[in-house]
Amino acid sequence: MTDEPASSLPLARMPAIDPRALMTFRIVCETGSISAAARMLNLSQPSVSNTIALLERRLGVVLFERRRGGIVLTREGEVLRRPAEAMARLLSDAVSDVEHARHRIAGPLRIGGTPGALLTLLPGAILRVEQAVGDFALSAVERPDEQLLDMLRKGEIELAFVTTRIQNVPSDVEEVTSARDPFALIVGPRHADLGDSVSLRDVEHYPWVLPEARGAFRRQVDALFIAAGVSVPRTTIRCDSLLTTRAIVRETDRVTVLPRTVALDGASDGSIRAIAIKEAVFERSVGVLRLARRRLSSLAEAMLEALPVVP
């Protein structure tokens with residue numbers, strides 16, 4: 001067999017990668033050096049170096065440069081790192097998946113979302129999935145929009161619950177809207193003087209709590225102030241936690257803008273209330289993102305089917 005460069009080989013003749021070498025490469029990436037990887041793997045440094053050298057020779061590329069401060073991945077190394085991480089997750093998940101199957105538990109399903117979207121959609125969807133498939137395992141994480149998209153592409157999650165209809169969706173992603181909810185001014189007991197409807201122009205001088213993350217939800221909130229012809233308030237606490245935001249509004253004289261359903265969820269004691277905003281001519285939409293060309297697990301499909309579709 002000749003050492004023909006990998007880049008010149010037809011796809012059918014591309015060399016297979018030893019999974020153990022790929023896992024060794026991942027540990028080198030994770031630790032930042034050959035020596036640190038050797039210690040983590042309980043191997044000798046020459047053994048790890050030889051494994052990486054054989055992997056580079058098989059692929060016909062250099063995967064990283066060795067520098068005084070550690071390794072620096074080449075472009076080819078960056079490309080290989082993603083499938084290496086995906087394989088590590090796959091192997092880690094395999095034991096968990098088999099254990100769930102042994103106990104007749106579906107999943108686990110891994111999803112992510114922004115706080116408001118998860119709060120609005122996930123509880124009802126869980127009930128409907130339980131009715132359809134029985135016991136299942138679910139892992140849900142809260143992240144900003146940009147991180148969720150990256151997690152989808154890396155295969156770390158199958159579905160992302162987000163604010164929808166706010167920006168153009170990338171070509172490799174599909175978006176489904178499942179609910180709409182009007183924005184409202186959320187106030188605590190110290191603003192009992194406010195009526196059932198208000199213009200943001202009348203309350204722009206109030207102290208505020210507003211979202212920090214520069215995602216779709218923040219853009220919609222900022223758009224409300226633009227529609228009212230006022231600047232985003234300067235006396236603002238930036239906070240992305242719904243629980244913390246509601247607690248601040250309840251205990252202080254600060255106000256916020258939130259979707260009505262999200263703000264009042266579980267607040268049956270009247271400690272906070274929602275006031276209609278005259279400039280809120282659009283509703284906040286929430287739904288799900290998925291990768292367009294990636295096959296979903298049966299549990300992810302069941303989760304999608306459990307969500308309504310809003311035209």
Side-chain angles (χ1 to χ4, degrees), residues 109-133 136 138 140-153 157-186 196-197 200 211 213-228 242 257-266 274-311:
L109 170 62
R110 293 172 176 80
I111 66 171
T114 55
L118 287 171
L119 188 151
T120 300
L121 298 176
L122 190 56
I126 287 174
L127 289 175
R128 290 186 285 273
V129 172
E130 285 177 336
Q131 293 169 357
V133 307
F136 72 97
L138 173 71
V141 296
E142 292 184 358
R143 296 289 188 274
D145 300 76
E146 293 78 6
Q147 289 186 27
L148 291 168
L149 192 56
D150 187 53
M151 291 173 74
L152 273 177
R153 288 172 172 152
I157 57 175
E158 290 192 79
L159 303 173
F161 289 65
V162 298
T163 300
T164 58
R165 300 185 178 180
I166 191 67
Q167 59 189 359
N168 293 329
V169 179
S171 59
D172 62 335
V173 173
E174 291 180 359
E175 176 184 276
V176 176
T177 296
S178 299
R180 293 197 186 103
D181 194 11
F183 283 97
L185 180 74
I186 310 302
D196 295 330
S197 178
L200 290 179
R214 295 185 178 277
F217 179 67
R218 176 165 174 175
R219 287 195 293 273
Q220 284 192 324
V221 171
D222 290 348
L224 288 173
F225 287 94
I226 294 173
L242 290 173
V257 170
L258 287 174
R260 179 182 292 269
T261 302
V262 170
L264 299 183
D265 180 74
I275 300 174
I277 299 174
K278 294 178 180 178
E279 293 83 10
V281 295
F282 58 87
E283 294 181 311
R284 163 253 201 181
S285 298
V286 290
V288 176
L289 301 181
R290 58 166 292 186
L291 282 189
R293 292 180 293 277
R294 180 173 295 166
R295 184 177 179 180
L296 295 177
S297 66
S298 58
L299 188 52
E301 291 283 5
M303 179 66 71
L304 276 182
E305 292 175 4
L307 293 167
V309 177
V310 175

### Task
Check the pair R219, T163 against side-chain contact (heavy atoms from CB on, under 4.5 Å), reporting the backbone distance first and the verdict last.
CA-CA 10 Å; R219 287 195 293 273; T163 300; over 6 Å; no
### Message
So which atom in V129 and which in A302 form the shortest heavy-atom distance, rounded to 0.1 Å?
### Response
CG2-O, 3.8 Å
### Message
Can you confirm whether F161 sits close enough to L148 that some side-chain heavy atom of one is under 4.5 Å from a side-chain heavy atom of the other?
### Response
no
### Message
Measuring only between side-chain heavy atoms, which start at C-beta, is V262 closer than 4.5 Å to R284?
### Response
yes
### Query
Do L138 and L122 have side-chain heavy atoms sitting under 4.5 Å apart?
yes
### Message
Between P170 and L149, is there a side-chain heavy-atom distance shorter than 4.5 Å?
### Response
yes
### Query
Taking atom CZ of R218 and atom OG1 of T114, what is their separation to the nearest 0.5 Å?
15.0 Å
### Query
Is the closest side-chain heavy-atom distance between L127 and E130 below 4.5 Å?
yes
### Message
Measuring only between side-chain heavy atoms, which start at C-beta, is R128 closer than 4.5 Å to P308?
### Response
yes
### Query
Could you give the distance from CG (L185) to CZ (R260), rounded to the nearest 0.5 Å?
10.5 Å
### Query
Rounded to the nearest 0.5 Å, how far does CZ of R143 lie from CG of D150?
11.5 Å
### Message
Looking at every heavy atom in both V173 and V169, which two are closest together, and how far apart are they?
### Response
O-CG1, 3.4 Å
### Atom pair CZ/CD1 of R110 and I157 - distance to nearest 0.5 Å
11.5 Å
### Query
Minimum heavy-atom separation for A280 to F183, with atom names?
CB-O, 4.1 Å
### Task
Establish, from distance only, whether the side-chain atoms of E158 and S297 form a donor-acceptor pair under 3.5 Å.
yes
### Query
How about V162 and F217: do any of their side-chain heavy atoms sit closer than 4.5 Å?
no
### Message
For the CG atom of L258 and the CG atom of L242, what is their distance to the nearest 0.5 Å?
### Response
6.0 Å
### Query
Between R290, R153, R293, R294, which is the residue that forms a salt bridge (charged side-chain N to carboxylate O under 4.0 Å, His left out) with D172?
R153
### Query
CD of Q220 to CD of E283: how many Å apart, nearest 0.5 Å?
10.5 Å
### Task
Could you walk me through whether L307 and V176 pass the side-chain contact (heavy atoms from CB on, under 4.5 Å) test, one step at a time?
CA-CA 9 Å; L307 293 167; V176 176; over 6 Å; no
### Message
Quick check: closest heavy atoms across L159 and A300, and the distance to 0.1 Å?
### Response
CD1-O, 3.9 Å
### Query
Would you call V286 and D181 a side-chain contact if the rule is heavy atoms closer than 4.5 Å?
no
### Summary
In short, L152 meets A160 closest at the heavy-atom pair CD1-CB, 4.0 Å
### Message
If you compare all heavy atoms of A306 against all heavy atoms of A125, which two are closest, and at what distance to 0.1 Å?
### Response
CB-O, 3.8 Å
